[in-house]
Amino acid sequence: MMNPALQIDSYVAGLPGWQQAICTAVREWIHIADPRITEEIKFTNRPYFTHKGNVAALLAAKDHVNVFIYDPIAPDPARLINQGEKNATARAIQIYEGTTIDKAAFVALIRAVVSHNEAGGWRKLKTPGPTN
C-alpha cells in the first residue's frame, strides 16, 4: 500500500494548476496549525487530515476546491466557512480560482478543531442551542 503522503501528492498532481496551488497551500497551513496532524487517505483517494479524529479533508470539484472542516462549533470569526454553516457534523470552505484565503484565520480555525478533538471532540463539547 502506498504511503498516504505520496497518495496525496499524486491526488494534487492530477489537478489543474490553480487547484494544485490551493491544495498545496492548505496542506502546508494545516501542518503549520499543528505538526501532529496525520495525513490519511479515505474513500479510495480523498486526502484527510486527522488528529484524535477528523480535522479536515480536501476534495477538488470542477470549479473550486472544498476544504471540509470536521467541527461544526469551531469559531470562524473571519467567516472563511462558506458552505454548510448549519451542517450538524462538518462545514466547508469552497475556494474558487483567484480567491485569497486568510492564512492566519485558517490556521486558527484548524487549531480550534484540534483543540476540540483533544478535549474529546465537538460532540462532547457542544452545548444546546444555536452555534455560529
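For this chain, numbers begin at 1 and follow the sequence in order.
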Centres of the Y70 and Y48 rings: under 6.0 Å? yes
Taking side-chain contact (heavy atoms from CB on, under 4.5 Å) as the criterion, tell me which of I110, T50, I32 meets it with I37. I110
Identify the heavy atoms of A74 and H116 that sit nearest to each other, and give their distance. CA-CE1, 3.8 Å
Does any part of the side chain of F68, heavy atoms only, come nearer than 4.5 Å to the side chain of N54, both counted from C-beta? no
Once rounded to the nearest 0.5 Å, what's the spacing between atom CZ of F49 and atom CG of D34? 13.0 Å
How long is the straight-line distance from NE2 of H31 back to CZ of R36, given to the nearest 0.5 Å? 13.0 Å
Can you tell me how far CH2 of W122 sits from CD1 of I69, rounded to the nearest 0.5 angstrom? 14.0 Å
side-chain contact (heavy atoms from CB on, under 4.5 Å) evaluation trace for R123 with D71: CA-CA 9 Å; R123 286 177 178 90; D71 185 328; over 6 Å; no
Does one hydrophobic cluster hold both V26 and Y11, with members joined at side-chain heavy-atom distances below 4.5 Å? no
So, Q7 side chain and P47 main chain: donor-acceptor pair closer than 3.5 Å or not? no
Just so I know, are the side chains of V65 and Q94 near enough to count as touching, which here means a heavy-atom distance under 4.5 Å? no
Check: F106 and I93 side chains under 4.5 Å, non-hydrogen atoms: yes
Measure the spacing between CG of N45 and NZ of K42 and express it to the nearest 0.5 Å. 14.0 Å
So, for P72 and A88, which heavy atoms are closest and what is the spacing to 0.1 Å? CG-O, 3.3 Å
Could you pull out the closest heavy-atom pair between N117 and G53, with the gap in Å? ND2-O, 3.5 Å
Could R111 and E118 be called an ion pair, given the rule that one side-chain N must be under 4.0 Å from one carboxylate O? no
Pair E39 + R27: basic N to acidic O under 4.0 Å: yes
Heavy-atom distance under 4.5 Å between the side chains of L109 and I81, does that happen here? yes
Between I95 and T99, what is the shortest heavy-atom contact and its length? CG2-CB, 4.0 Å
same_hphob_cluster(L80, V113) at 4.5 Å side-chain heavy-atom cutoff: yes
Would you say I8 and L15 are hydrophobically clustered, going by side-chain heavy atoms of ILVMFWY under 4.5 Å? yes
Answer whether the closest heavy-atom distance between the side chains of I101 and W29 falls below 4.5 Å. yes
Specify the closest pair of heavy atoms between E85 and R91, including all atoms of both residues, with the distance to one decimal. O-CD, 3.9 Å
Give, for atom CG of L6 and atom CD1 of I41, the distance between the pair rounded to the nearest 0.5 Å. 10.0 Å
Heavy-atom distance under 4.5 Å between the side chains of L58 and V67, does that happen here? yes
So OG1 of T38 and NZ of K52: to nearest 0.5 Å the spacing works out to 11.5 Å
